[in-house]
**Student:** 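Take a look at the following structure, please.
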Amino acid sequence: MSNDSKPAAQVTIEKLRNGRWAFVLKRGSVVYPAHGQFASQIEAVAAGQLALKSLENKR
């Protein structure tokens, strides 16, 4: 499979109802549910990027 046909992955940061932060992974048409309950947006971004990197390394 070439790199052009692989779906693009992205991380989205969302604020939860309880005021905490979470990240959502999207890869092509697949959306992984919100993960984590981080105190700050920066923590959620860092955790989301780490999860995305580990997901890409498993391919």
**Student:** Quick one: which residue pairs count as a ring-ring contact (aromatic ring centres under 6.0 Å, His included) with a foot in residues 20-46, not counting sequence neighbours?
**Tutor:**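 The answer is Phe23-His35.
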
**Student:** Looking only at heavy atoms, what is the nearest atom pair of Gly36 and Ala22, with distance?
**Tutor:**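 Heavy atoms only, the tightest pair is O-CB, 3.4 Å.
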
**Student:** Tell me which donor-acceptor pairs under 3.5 Å the side chains of residues 9-19 have, and how far apart each pair is, sequence neighbours excluded?
**Tutor:**
| from | atom 1 | to | atom 2 | distance (Å) |
| --- | --- | --- | --- | --- |
| Asn18 | OD1 | Arg20 | N | 3.1 |
| Asn18 | ND2 | Gln37 | OE1 | 3.0 |

**Student:** Taking only residues at least two apart or on different chains, which pairs with a member in residues 41-53 satisfy side chain to side chain donor-acceptor pair (under 3.5 Å)?
**Tutor:**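 Every pair satisfying side chain to side chain donor-acceptor pair (under 3.5 Å) with a residue in residues 41-53: there are none.
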
**Student:** Can you name the side-chain contact (heavy atoms from CB on, under 4.5 Å) partners of Ala46, sequence neighbours left out?
**Tutor:**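 Applying side-chain contact (heavy atoms from CB on, under 4.5 Å) to Ala46 gives none.
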
**Student:** Who clusters with Val24? Use side-chain heavy atoms, under 4.5 angstrom, across I, L, V, M, F, W and Y, and order the result by chain and number.
**Tutor:**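 Result for Val24 is Val31.
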
**Student:** Kindly compute the distance separating CG (Leu55) from CG (Leu50), expressed to the nearest 0.5 Å.
**Tutor:**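 Here the rounded value is 11.5 Å.
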
